[in-house]
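Just follow the structure's listing: the first ligand is 1, and inside any ligand the first atom is 1.
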Amino acid sequence: MNAAINDNPVWRSLLYVPVNVDRYVDKAHTRGADGVILDLEDSVTPSEKDHARTLVQEAAVKVARNGADVLVRINRELELAVRDIEAAISPLITALKLPKVQSADHVKLLAELVDSLEAKRGMRVGTTRLIPMVETADAFFSLHAIAKASPRVATVLLGGEDFALDCGFEPDPEVYQYPKQQSLLAARAAGLTPMGLIGTVADFSDAEAYRAVVRHSAKFGFEGASCIHPSNVAVLNEEFSPKPEAVAHARRVVEGDKKAMAEGRGSWSLDGKMIDIPVVIRAQRLIARADRIAARGNV
Ligand code: COA
Ligand code: MG
């Protein structure tokens, strides 16, 4: 945990939009997502990859019309990845999502290309964030190093379906708990905001079940997630925002603590529960997060 946490983006909801589906791109800005991920990877067929890449900048302008951050998910194959990064780097693109990252060095090499493109394009070097996705059993054991691979890393994600495929397990919330929690700890250890669901993005259509998964994930400490359907956005935004009652309680804790401190009391009680330093810090963080969410303006 460190001050970097407050520099981290507030991304409760990141909506995947296949960049070559005009119908989706045209209305994506109306869906209320904190960020839109223009996908060049698995939602785009191999024969469409070259064309899809040419659409990125124009689509970025469209999907950002209501203030969403714009991310681009590139392809893993090096030949495609290089072209995708060349097509993506611009002041309109906040972050790149890197699929099937193998190691910290993999992130560092791609970051090197981003460095030189930013410099060539007159951007401040370091502005484009990276989101490595760990989708193999092998990379799983490097989560910690991957999260710390570059100051550009915004969070580290554990892939859903691809990870289950590589590990030979069912894409089931129960089975995901252990690896997803590891990704959360890796993110925290690197001072990053943990993102993800203890489940997969593919289970989008049962609204009640989806909300239960998001709520469960928020309880574990995740602060946002990607989704593939606009109907999921509001649920992510709601469940990943501190509840008003929780914010009100946190304000009482912080106020009460000021009084207690003035009286020389490091621990005191509120509503029958002991309040001491970690509880106060947790309350301060909750308030800070609520303020940052409110500042996004699309609550
Ligand atoms: N982004 C933006 N808009 C989307 C969208 C998306 N990912 N998915 C659906 N929509 C829109 C549709 O255009 C439709 O809008 P309209 O009614 O205003 O015209 C509305 O949301 C409802 O769509 P619906 O008919 O329920 O979706 P579908 O059954 O046609 O498609 C999916 C379902 C899963 C195929 C589709 O949501 C999708 O392709 N999602 C993205 C998948 C992806 O990116 N995968 C890679 C990441 S894992
Ligand atoms: Mg994948």
Suppose we only allow N, O or S atoms; which atom of D162 ends up nearest to the Mg ion (ligand 2)? OD2
Heavy atom of protein closer than 4.0 angstrom to atom 25 (O) of ligand 1: no
Does a salt bridge link R12 with E239, judged by any charged N lying under 4.0 Å from a carboxylate O? no
Ligand-side contact atoms (ligand 1) for residue partner K27, heavy atom cut-off under 4.0 Å: 16 (P), 18 (O), 19 (O)
So the atoms of ligand 1 within less than 4.0 Å of a heavy atom of R23 turn out to be 13 (O)
For the 3.5 Å polar cut-off, considering only N or O atoms, please tell me whether F204 and ligand 1 meet it. no
If we number the atoms of ligand 1 from 1 as shown, the ones under 4.0 Å from a heavy atom of V17 are 1 (N)
Quick test: of every protein heavy atom, which one is nearest to atom 12 (C) of ligand 1, and how far off is it to 0.1 Å? Y24 CE2, 3.6 Å
Ranked by distance from atom 45 (N) of ligand 1, the top protein heavy atom is S43 CB, 3.8 Å
Report yes or no: does a heavy atom of D39 sit under 4.0 Å from some atom of ligand 1? yes
Given the rule that I, L, V, M, F, W and Y join up when any side-chain heavy atoms are under 4.5 Å apart, are L80 and I131 in one cluster? no
Please evaluate residues D257 and W268 with respect to the criterion side-chain hydrogen bond (donor to acceptor under 3.5 Å, both in side chains), reporting the C-alpha separation (whole Å), side-chain torsions for both, the decisive distance (0.1 Å), and the verdict. CA-CA 8 Å; D257 189 61; W268 49 285; 3.2 Å; yes
Are Y24 and L15 co-members of a hydrophobic cluster defined by side-chain heavy atoms under 4.5 Å apart? yes
Between the side chains of D166 and T136, does any donor sit under 3.5 Å from an acceptor? no
For atom 10 (N) of ligand 1, is the nearest protein heavy atom closer than 4.0 Å? yes
Strictly by modelled atom types, are N20 and E48 linked by a side-chain donor-acceptor pair under 3.5 Å? yes
Is there a continuous path of hydrophobic side-chain contacts, each under 4.5 Å between heavy atoms, that joins Y210 to F220? yes
Less than 4.0 Å is my threshold; does some heavy atom of P230 fall inside it relative to ligand 1? yes
Restricting E135 to its N/O/S atoms, the closest one to the Mg ion (ligand 2) is OE1
Any non-hydrogen protein atom less than 4.0 Å away from atom 30 (O) of ligand 1: yes
Answer with side chain, backbone, both or neither: which part of R73 has a heavy atom less than 4.0 angstrom from an atom of ligand 1? side chain
If you measure every N/O of R31 against every N/O of ligand 1, is any gap under 3.5 Å? yes
For atom 23 (O) of ligand 1, the protein heavy atom that lies nearest, with its residue and separation: H229 NE2, 3.4 Å
Does the ring center of F169 lie less than 6.0 Å from the ring center of F163? yes
Classify the side-chain pair S217/K180 by whether it contains a donor and acceptor separated by less than 3.5 Å. no
